[in-house]
Amino acid sequence: MTFLEKLRLRWQTSQSLLCVGLDPDPARMPASLAGDPHPIATFCCEIVDATAAHACAFKPQFAYFAACGAEDQLQIVLDHIRNHHGDIPVVLDAKRGDIGPTATQYAREAFDRYGADAVTINPYMGTDSVTPYLAWADRGVFVLCRTSNPGGDDLQSLMIAGTRPPEAVYERVAGLSAGPWNAGGQVGLVVGATYPAELARVRALAPLLPLLVPGIGAQGGDIEATVAAGLDARGAGLLINSSRAILYAGGGPDYARAAGKAARETAEAIGAARRRVLQQRR
């Protein structure tokens with residue numbers, strides 16, 4: 001089963017568009033984990049178990065593990081997801097951005113070492129920074145397109161000289177991702193919920209691509225606007241990510257229960273918005 005097939009099946013069976021981000025910050029983790037030999041892994045695995053019923057995907061953020069020298073704990077978390085929630089795809093959020101043999105090694109890290117179903121990458125170096133990942137025909141690649149941070153305007157919204165009609169950098173990325181880069185049907189795009197107008201434009205340029213959408217929850221993106229702008233013709237097509245608002249919904253020993261509740265409420269809010277949008281389209 002390819003990544004896209006697995007994702008579509010999960011959308012169907014879970015009826016959820018919520019992607020749960022795993023950004024484990026030891027400074028924010030509960031004191032009850034202080035004596036645990038693998039506190040990051042324990043924290044994340046319990047979050048996974050508590051939120052799995054409400055998730056279409058999990059998105060571990062590589063830097064949060066690597067900064068603590070906890071790559072072994074990332075492996076524990078990924079093995080746990082595969083063994084206990086194997087129908088839920090995993091997007092390794094690494095945002096790699098190199099070319100040639102180096103990009104191939106990053107792809108090996110994501111797909112062979114960690115067994116991720118998909119990975120996020122930075123396309124700043126063009127086609128050469130995307131192609132090496134496509135050698136893994138059953139895996140997915142989410143290309144950064146219009147990110148949720150304010151600084152994205154520094155480059156992503158710049159207009160490309162000489163294009164007719166006028167085209168911004170993020171629009172060119174969307175067009176390439178929906179066109180030549182996606183010959184094998186492996187590519188998706190990262191588009192922030194904080195820019196719903198641009199999200200709608202990306203959906204128009206890439207009507208069939210899955211969109212990984214960070215920015216709701218702690219970053220303040222609007223769920224209703226996100227769903228209205230990004231839902232595809234099948235009524236899916238979105239992985240709407242929430243990390244901190246779910247992970248740290250509770251700071252005590254019942255943190256996993258609090259995270260499960262936050263994930264359920266977020267998934268229900270997304271589902272309600274989805275139903276309204278589909279009703280409006282009829």
> Should Tyr255 and Phe43 count as side-chain neighbours, where that means a heavy-atom distance under 4.5 Å?
Replying inline: yes
> Step by step, would you call Ser16 with Trp11 a side chain to side chain donor-acceptor pair (under 3.5 Å)?
Replying inline: CA-CA 6 Å; Ser16 174; Trp11 278 327; over 6 Å; no
>> Does any part of the side chain of Cys44, heavy atoms only, come nearer than 4.5 Å to the side chain of Gln73, both counted from C-beta?
In response: no
> Which class fits the ring pair Tyr114 and Phe62: parallel under 30°, tilted 30 to 60°, perpendicular over 60°?
Replying inline: perpendicular
> Can any side-chain N or O of Thr194 pair as donor or acceptor with the backbone N or O of Ser148 at less than 3.5 Å?
Replying inline: yes
>> Less than 4.0 angstrom from a charged side-chain N to a carboxylate O is my criterion; do Arg146 and Asp153 meet it?
In response: yes
> If you count the non-hydrogen atoms of other residues, nucleotides and ligands that lie under 6.0 Å from CZ in Arg281, is the total more than 12?
Replying inline: yes
> Are more than 12 heavy atoms from other residues, nucleotides or ligands located less than 6.0 Å from atom CZ of Arg108?
Replying inline: no
> At their closest point, which heavy atom of Cys56 faces which heavy atom of Cys19, and how far apart are they?
Replying inline: SG-N, 4.2 Å
> Taking atom CD of Gln12 as the centre, does the number of heavy atoms from other residues, nucleotides or ligands within less than 6.0 Å exceed 12?
Replying inline: no
> Under a single-linkage rule joining Ile, Leu, Val, Met, Phe, Trp and Tyr whose side-chain heavy atoms are separated by less than 4.5 Å, which residues share a cluster with Met125?
Replying inline: Ile99
> Same cluster for Leu18 and Ile223 if Ile/Leu/Val/Met/Phe/Trp/Tyr side chains link at under 4.5 Å?
Replying inline: yes
>> So, taking the atom named OG1 in Thr104 and the one named OH in Tyr133, what distance separates them when rounded to the nearest 0.5 Å?
In response: 8.5 Å
> Looking at Ile81 and Ile88, what are the two nearest heavy atoms and their distance?
Replying inline: CG2-O, 4.1 Å
>> Test of understanding: with side-chain hydrogen bond (donor to acceptor under 3.5 Å, both in side chains), list the residues that count as partners of Gln61, not counting sequence neighbours.
In response: Asp93
> Apart from Leu9 itself, what residues make up its hydrophobic cluster, given side-chain heavy atom links below 4.5 Å?
Replying inline: Met1
>> Any side-chain to backbone donor/acceptor pair from Asn241 onto Gly21? Under 3.5 Å, distance only.
In response: yes
>> Taking salt bridge (Lys or Arg N to Asp or Glu O under 4.0 Å) as the definition, give me every residue that meets it alongside Arg264, ordered by chain and number, with sequence neighbours left out.
In response: Glu268
> With Arg28, which residues qualify under salt bridge (Lys or Arg N to Asp or Glu O under 4.0 Å), at least two apart?
Replying inline: none
> Under 4.5 Å between any side-chain heavy atoms of Asn182 and Leu209, yes or no?
Replying inline: yes
> Yes or no on side chain to side chain donor-acceptor pair (under 3.5 Å) for Asp138 and Thr2, after CA distance, side-chain angles and deciding distance?
Replying inline: CA-CA 4 Å; Asp138 60 337; Thr2 67; over 6 Å; no
> Which pair of non-hydrogen atoms, one from Asp49 and one from His80, has the smallest distance, and what is that distance?
Replying inline: OD1-NE2, 2.7 Å
>> Between Asp87 and Arg10, does any side-chain N to carboxylate O distance fall below 4.0 Å?
In response: yes
> Is the Phe142-Phe3 ring centre distance short of 6.0 angstrom?
Replying inline: yes
>> Can you tell me if Lys95 has over 12 outside heavy atoms packed within less than 6.0 Å of its NZ?
In response: yes
>> Show, in sequence, the C-alpha distance, side-chain angles and deciding distance for Ile216 and Ser242, and conclude whether the side-chain contact (heavy atoms from CB on, under 4.5 Å) test is met.
In response: CA-CA 6 Å; Ile216 68 164; Ser242 181; 4.1 Å; yes
>> Is the shortest side-chain heavy-atom distance between Val227 and Ile240 below 4.5 Å?
In response: yes
>> Between Arg276 and Glu224 (salt bridge meaning N to carboxylate O under 4.0 Å), is one present in this structure?
In response: yes
> What's the shortest heavy-atom distance between Gly185 and Leu4, and which atoms?
Replying inline: O-CD2, 4.0 Å
>> Give me the atom names and distance for the closest heavy-atom approach of Leu92 to Ala116.
In response: CB-CB, 3.8 Å
> Other hydrophobic cluster members with Leu205, side-chain heavy atoms of Ile/Leu/Val/Met/Phe/Trp/Tyr under 4.5 Å, chained?
Replying inline: none
> Mind checking whether Leu22 and Ser243 have side chains closer than 4.5 Å, heavy atoms only?
Replying inline: no
>> Counting C-beta onward and ignoring hydrogens, is there a side-chain heavy-atom pair between Leu239 and Leu211 closer than 4.5 Å?
In response: no
>> Any heavy-atom pair between the side chains of Leu231 and Leu278 that's under 4.5 Å?
In response: yes
>> Between Lys6 and Asp117 (salt bridge meaning N to carboxylate O under 4.0 Å), is one present in this structure?
In response: yes
> How close do Ala263 and Ile246 get, heavy atom to heavy atom, and via which atoms?
Replying inline: CA-CD1, 3.9 Å
>> Do Pro207 and Asp232 have side chains that approach each other closer than 4.5 Å (heavy atoms only, starting at C-beta)?
In response: no
